[in-house]
Amino acid sequence: SFLSVTLRKIFPMTFRDLNLKKPLWNALDDLGYETPTTIQAASFNVMMSGKDTIGIAQTGTGKTLAYILPCLCMWKFSKDPHPQILIIVPTRELVAQVVREVEKLTPYMNVAVGGVYGGTNMNTQAAMVLQGLDVLVGTPGRILDLAANGSLQLKHAKKVVIDEVDETLSLGFRAQLLRIFEFLPVKRQNMVFSATLSEEVSDFLEANFTVPVRVEAARSGTALAQIDQIGYRVPNFLSKVQMLHHLLENTVDSSKVLVFVQSRALADMLFEEMESSLLNSVGVIHSNKAQNFRFNSVQNFQTGVFRVLIATDLIARGIDVTDVTLVINFDIPEIPENYIHRIGRTGRADKNGVAITFVSEKDADALSKIESLMQQELPFTEVPSEVEMTDELLEFEKPVAQIPGKLLKLAKREVGPAFHEKKAKNKKVNVRYDHKKAMMDKYGKPKRKRN
Ligand code: AMP
């Protein structure tokens with residue numbers, strides 16, 4: 001009936017309800033994607049109408065397909081070798097992920113897609129661009145360099161996507177974006193995606209776009225409904241390590257676990273702690289690691305070689321890992337929006353997930369910021385009694401002694417004999433991890449039980 005046709009247009013139930021092209025439907029069939037996610041359904045017709053669009057959507061909501069589908073739908077084959085679709089993203093990992101998504105959708109189309117990013121040889125990338133591309137995905141700095149040296153012509157780019165504009169701006173890419181705009185044709189369609197509408201993002205949008213249509217996956221700041229969130233009160237690093245061991249042994253589905261820590265140094269430290277018990281099934285990724293190492297870590301995590309991946313915020317944003325069963329905030333994020341990003345890595349594209357957060361006393365402020373952003377409280381569960389808590393603080397956790405007018409520098413954690421010993425023991429043998437013995441070996445005394 002007329003009503004059901006209208007309703008299906010407004011609330012598309014399947015991808016067949018969207019006015020896509022056959023090659024795209026076929027690709028979606030092959031992928032087994034049937035139902036558009038909220039952001040895909042909400043933005044498709046707006047984008048197809050050619051209007052500038054702002055999408056408020058977090059990672060895991062299907063936002064990448066939300067812009068790729070209409071872009072590819074409006075794309076027309078041209079003999080011209082310059083990209084018609086330009087997708088600007090903040091990190092190299094995201095470049096790789098978006099290129100993959102475009103490739104997944106275009107096995108039945110004659111579309112050439114390529115990715116460019118900094119930190120690698122520019123000549124190789126310039127040569128790829130000069131061979132001719134229909135879709136170019138890249139980080140702002142490298143896109144600008146290629147445009148400025150003439151290898152990349154942007155005057156045919158009619159569809160311009162800026163993904164994760166909030167992150168792009170907070171990484172300090174504003175000037176590069178503005179300069180890229182100068183290379184673009186005036187008549188173009190802009191599609192901008194952001195996880196949150198911060199003041200910085202709003203100002204940027206207002207200054208550069210005229211009345212874009214706004215579509216949202218979920219109200220900005222709301223945690224995705226299909227993620228079960230749990231908090232545990234855990235006082236310090238060593239206790240958190242015990243809790244992490246416990247969760248990895250006892251959580252029903254802990255087959256793909258993403259663990260977030262505060263800093264690169266902590267990521268490495270936690271990796272060393274976990275390595276001996278998880279043998280070769282744990283990886284670490286942060287921005288101090290070489291590009292190859294980062295790609296390999298993500299690849300190993302995605303394919304299941306690594307059961308656990310330890311990561312810092314920035315890197316985790318761009319990585320494409322599906323079916324993360326459990327996100328653990330080993331450290332609570334200082335920036336409340338990052339909490340949403342982190343937990344958004346599980347429960348992706350309408351799959352259920354669990355997000356667990358360790359909260360210590362000094363995290364009270366950060367926690368209340370997160371709770372007010374979500375407009376809900378984080379439900380807490382008691383730490384099981386068999387998990388051994390300790391009062392022992394590592395050097396970096398100890399309160400910094402204050403000399404009037406001067407701040408004492410934190411002493412670096414010593415890499416003592418315990419670590420060498422662990423390295424030697426760290427061979428591929430399948431012994432069950434004996435926690436008590438490990439503690440004895442490591443600290444020379446049993447850890448005190450929690451009261
Ligand atoms: P994104 O939010 O763009 O990072 O996408 C999250 C993941 O969900 C990606 O691996 C997509 O390929 C996948 N995905 C996106 N849209 C759908 C959909 N409608 N159905 C099933 N999976 C999807």
Side-chain angles (χ1 to χ4, degrees), residues 1-77 84-89 98 101-102 104-106 108-109 111 134-135 137 157-165 184-185 187-197 201-202 205-206 208-220 222 224-225 348-350:
S1 71
F2 171 74
L3 183 66
S4 77
V5 170
T6 315
L7 272 179
R8 288 172 84 84
K9 272 197 176 151
I10 302 172
F11 302 111
M13 303 304 287
T14 74
F15 280 113
R16 301 276 151 180
D17 299 322
L18 299 182
N19 201 6
L20 293 170
K21 290 176 178 170
K22 193 136 197 267
L24 287 171
W25 275 324
N26 289 343
L28 288 164
D29 285 347
D30 290 353
L31 290 166
Y33 295 176
E34 285 173 12
T35 328
T37 63
T38 331
I39 189 73
Q40 290 161 3
S43 59
F44 186 77
N45 286 336
V46 179
M47 291 182 176
M48 289 299 285
S49 74
K51 293 191 180 104
D52 279 3
T53 316
I54 300 175
I56 308 295
Q58 299 123 23
T59 304
T61 53
K63 69 181 168 69
T64 319
L65 248 63
Y67 60 76
I68 294 177
L69 279 174
C71 280
L72 289 174
C73 225
M74 291 183 274
W75 172 81
K76 287 193 188 76
F77 179 79
Q84 293 175 41
I85 302 170
L86 176 69
I87 303 172
I88 308 171
V89 301
V98 173
E101 295 273 304
V102 174
K104 267 161 50 177
L105 286 170
T106 50
Y108 304 103
M109 293 171 78
V111 169
D134 301 297
V135 182
V137 187
K158 299 279 165 55
K159 308 287 167 199
V160 176
V161 179
I162 313 177
D163 196 358
E164 302 205 348
V165 70
L184 292 169
K187 210 168 162 288
R188 63 174 196 261
Q189 183 181 10
N190 301 296
M191 304 170 199
V192 180
F193 278 78
S194 187
T196 44
L197 257 192
V201 173
S202 303
L205 297 175
E206 230 165 79
N208 295 291
F209 307 103
T210 38
V211 237
V213 181
R214 181 172 152 174
V215 282
E216 287 192 35
R219 197 161 48 83
S220 65
T222 17
L224 304 177
R348 316 192 67 190
D350 304 330

Please report the shortest heavy-atom distance between Leu18 and Trp25, naming the atom on each side.
-> O-CZ2, 3.1 Å
Taking C-beta and beyond as the side chain, do Gln189 and Met74 meet within less than 4.5 Å on heavy atoms?
-> yes
Audit row: Cys71, Met191, side chain to side chain contact (heavy atoms under 4.5 Å, CB included) steps and yes/no = CA-CA 10 Å; Cys71 280; Met191 304 170 199; 3.8 Å; yes
Test side chain to side chain contact (heavy atoms under 4.5 Å, CB included), reference Thr64, set Ile87, Val102, Leu69, Val98, output is Val98
Heavy atoms of Leu86 and Ala157 approach each other most closely as CB-CB, 4.3 Å
Nearest 0.5 Å, what's the CG-OG1 distance between Asp134 and Thr106?
-> 9.5 Å
Does Gln40 use its side chain to pair, donor to acceptor, with the backbone of Leu65 at less than 3.5 Å?
-> no
To the nearest 0.5 Å, atom OH of Tyr67 lies from atom CG of Leu72 at 11.0 Å
Roughly how far, to the nearest 0.5 Å, is CD of Glu34 from CZ of Arg16?
-> 10.0 Å
Ser194: what forms a side-chain contact (heavy atoms from CB on, under 4.5 Å) with it, not counting sequence neighbours?
-> Val165, Asp166, Val201
What's the verdict on side chain to side chain contact (heavy atoms under 4.5 Å, CB included) for Phe44 and Leu20, showing C-alpha distance, side-chain angles and the deciding distance?
-> CA-CA 10 Å; Phe44 186 77; Leu20 293 170; 3.5 Å; yes
Is the CG atom of Asn19 crowded by more than 12 outside heavy atoms at less than 6.0 Å?
-> no
Measure the spacing between CG of Leu24 and OH of Tyr33 and express it to the nearest 0.5 Å.
-> 13.5 Å
Carboxylate-amine/guanidinium contact Lys22 Asp29, below 4.0 Å = no
If every non-hydrogen atom of Ala41 is compared with every non-hydrogen atom of Pro36, which pair is closest and at what distance?
-> N-CB, 4.1 Å
Step by step, would you call Trp75 with Lys159 a side chain to side chain contact (heavy atoms under 4.5 Å, CB included)?
-> CA-CA 9 Å; Trp75 172 81; Lys159 308 287 167 199; over 6 Å; no
Any side-chain heavy atom of Lys104 within less than 4.5 Å of one from Leu31?
-> yes
Euclidean distance, Ile54 CD1 relative to Arg214 CZ, rounded to 0.5 Å | 7.5 Å
Considering non-hydrogen atoms only, spot the tightest contact between Leu105 and Met109 and give its length.
-> O-SD, 4.4 Å
Side chain to side chain donor-acceptor pair (under 3.5 Å) partners of Asn26, counting only residues at least two apart = none
Any sub-3.5 Å donor-acceptor pair from Asp52's side-chain atoms to Asn190's backbone N or O?
-> yes
Does the side chain to side chain contact (heavy atoms under 4.5 Å, CB included) test come out yes or no for Val135 and Ile68, once each step is laid out?
-> CA-CA 10 Å; Val135 182; Ile68 294 177; over 6 Å; no
